[in-house]
Number of protein chains: 2
Amino acid sequence: MLATVIHAARDIRVETVPDPVLSTGGDAIVRVVAACVCGSDLWPYRGVTPTDEPHRIGHEFVGVVEAVGDDVSLIEVGDFVIAPFYVCDNTCVNCRNGVSTSCLNGGWWGSDDRLGGFADAGQGERVRVPLADGTLVPVREEVTADMVPGLLTLSDVMGTGHHAAVSAGVQPGDSVVVVGDGAVGLCAVIAAKRLGATTIIAMSRHADRQELARAFGATHIVAERGDDGVAAVKALTEGIGADRVLECVGTKESMDQAIRSARPGGMVGYVGVPNGGPELPVRALFGRNVGVNGGVAPVRGYIEELLPDVLSGAIEPGRVFDLKLPLVEAAEAYAAMDERRAVKVMLQP
Amino acid sequence: MLATVIHAARDIRVETVPDPVLSTGGDAIVRVVAACVCGSDLWPYRGVTPTDEPHRIGHEFVGVVEAVGDDVSLIEVGDFVIAPFYVCDNTCVNCRNGVSTSCLNGGWWGSDDRLGGFADAGQGERVRVPLADGTLVPVREEVTADMVPGLLTLSDVMGTGHHAAVSAGVQPGDSVVVVGDGAVGLCAVIAAKRLGATTIIAMSRHADRQELARAFGATHIVAERGDDGVAAVKALTEGIGADRVLECVGTKESMDQAIRSARPGGMVGYVGVPNGGPELPVRALFGRNVGVNGGVAPVRGYIEELLPDVLSGAIEPGRVFDLKLPLVEAAEAYAAMDERRAVKVMLQP
């Protein structure tokens with residue numbers, strides 16, 4: 001089958017690789033209907049994280065189940081399934097606590113896996129899914145082509161934006177700032193509105209993303225950054241800052257922007273993968289009672305909650321996909337996101 | 001009148017200073033019944049923070065109102081009052097948000113104050129209280145001598161321990177670790193039990209404090225620190241760490257201990273004044289979804305909630321005072337706490 005392999009920075013190739021096979025009784029084989037490129041995939045693409053040897057890449061996909069192992073009971077051949085960006089059993093104590101990204105038995109796509117050997121990555125024609133009963137969520141109604149983008153966002157970006165909002169404790173009536181206008185930030189706007197925030201300030205400097213943020217529920221746009229950005233937020237929030245801030249980038253600058261945009265007693269929900277490990281300024285947090293909560297989003301646990309709203313059209317996160325390419329053009333997908341020609345690219349085998 | 005003045009590290013003197021007078025219509029004059037020494041007072045005492053010139057010290061006291069300004073309406077002459085460790089109006093947007101330590105009009109004891117000039121500190125015979133209606137909480141029943149220690153803890157340590165528990169989100173049934181066995185840590189044990197925690201692990205190496213922690217509700221004591229301490233906590237919490245961790249020290253080591261003692265998805269509530277500004281390791285927090293919330297405790301807003309339980313004896317935070325001295329022996333009070341001969345010292349004019 002074909003799958004995407006990264007060889008080095010800016011060297012993305014679609015190559016013929018071995019077809020996946022059932023390796024344990026808990027596996028499923030999924031034929032990928034759509035996959036996508038994640039902002040975090042750009043780190044090895046840009047060389048921010050090194051690529052020591054060629055390896056498979058991708059971790060967001062939806063597809064149709066082609067085969068299941070003998071121990072699989074919740075997933076059936078023919079199911080349309082959503083895969084979160086990681087593998088989990090959905091039964092261990094961490095999964096039960098809502099932190100399936102810390103599953104005691106789980107793992108990551110595209111890595112060597114304790115559960116039956118190599119786990120495929122998402123940007124390919126097929127994927128072996130370990131722990132299929134825990135990992136996959138079936139969509140048990142007819143899935144048409146126009147529904148695929150929205151469902152695909154539940155594999156990562158919509159659930160991640162939701163996690164930022166949940167981690168920040170967004171409540172009805174809150175004022176919320178979203179730092180970051182990538183796909184996750186835009187989904188965080190959706191999540192904030194869905195949870196009842198009434199003032200939603202999207203920090204964005206790109207006209208097309210501003211427009212999408214407004215369509216998703218942003219009530220205000222702040223294009224300024226740094227001190228000017230903080231001042232603009234305070235001018236919209238009784239002079240004190242926002243109740244909740246959703247940090248969806250992961251740089252030192254964006255976290256600083258987020259912390260300073262929160263009011264005393266406010267909470268920053270952060271989901272941007274920390275780029276280079278910026279440390280948090282504890283005295284600045286302490287003096288103003290600003291909390292920081294979040295992390296790698298346990299999206300598996302959010303899929304069932306968000307799925308009905310995606311199916312009904314109450315939320316439309318699929319609109320973040322502004323470019324759709326065939327799988328064989330994966331290299332162009334990465335380039336388009338790297339050069340900010342696209343917010344989010346969908347790949348279809 | 002007499003009041004405590006710090007001249008330099010380890011140089012605490014009780015001196016004659018000007019009697020306070022009503023300076024604004026919102027002031028009250030309070031005759032101090034009891035004050036105490038705070039762990040944070042030990043920082044200038046030890047020279048960790050410099051003392052550039054002699055200044056008044058102390059910020060925890062209870063007393064009786066002797067005079068009020070024309071604009072005071074909620075406090076009456078003769079009231080027994082509890083003063084939080086700061087001044088606040090209790091009406092501004094930050095106070096209404098529960099963060100009265102960030103009061104837009106407030107200030108700190110013993111510092112120059114926008115509200116009518118110098119604000120006395122707590123370790124003296126009398127105190128001018130600006131914003132008396134907002135700052136002071138009256139106890140409108142007869143206060144006997146044995147009630148004073150418990151009421152005095154509401155000026156700081158009991159409310160601060162409670163803030164750690166509230167910031168960490170302690171819920172009924174939770175497992176809670178308390179890092180720090182000073183007065184705040186011991187009060188945090190009380191707070192965790194009061195909020196329904198069922199497993200309460202006090203980290204303490206001192207037999208007398210271990211005993212008090214058990215009396216306050218600790219179900220387990222962990223004397224180990226570092227890796228061994230984390231392992232001991234995990235052995236008591238299904239192998240994953242505690243739901244909530246209350247950090248009541250403020251050093252880099254104690255915060256590290258706290259973060260590593262939390263389970264994936266857990267929350268650290270921290271109230272230890274950050275000593276030297278240890279930064280928070282964001283990648284370690286991110287990977288395990290451990291949140292950090294807290295800060296300088298807005299105890300003013302907790303007094304009404306906690307007061308009934310203190311008056312009824314349902315909680316006995318006054319037991320943290322293991323040494324009581326006359327005000328003129330303030331220097332010995334500091335030495336006793338510095339040398340860990342006392343957990344918490346009460347001073348009586």
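Per chain, numbering begins at 1; letters A, B, ... match sequence-line order.
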Check your understanding: Any donor-acceptor pair under 3.5 Å linking the side chain of B/R244 with the backbone of B/V176?
Key -> no
**Study point:** Residue B/V93 versus chain A: region with a heavy atom under 4.5 Å
**Key:** side chain
Review point. Would you say A/N293's side chain and A/S167's backbone share a donor-acceptor pair under 3.5 angstrom?
Key: yes
Exercise for review: Side chain from CB out, backbone as N, CA, C, O: work out which of these in B/L285 comes under 4.5 Å of a heavy atom of chain A, or both, or neither.
Suggested key: both
Check your understanding: With a 4.5 angstrom heavy-atom cut-off, which part of A/V268 approaches chain B: side chain, backbone, both or neither?
Key -> neither
Point to revise | Option in A/N94, A/T101, A/V271 with maximal non-hydrogen atom pairs under 4.5 Å from chain B | key: A/N94
Check your understanding: If you count heavy-atom pairs under 4.5 Å with chain B, which of A/G98, A/P298, A/S102, A/G294 comes out on top?
Key -> A/G294
Practice item. Give the member of A/G265, A/P264, A/G266 that has the highest number of heavy-atom pairs under 4.5 Å with chain B. Key: A/P264
Check your understanding: So does A/D256 pair up with A/K252, basic N to acidic O under 4.0 Å?
Key -> no
Check your understanding: Quick one: does B/P130's side chain get under 4.5 Å of B/T135's, heavy atoms only?
Key -> no
Review point. Checking ring-ring contact (aromatic ring centres under 6.0 Å, His included) for the pair B/H59/B/Y86: CA distance, chi angles, key distance, verdict?
Key: CA-CA 7 Å; B/H59 53 256; B/Y86 55 90; 9.8 Å; no
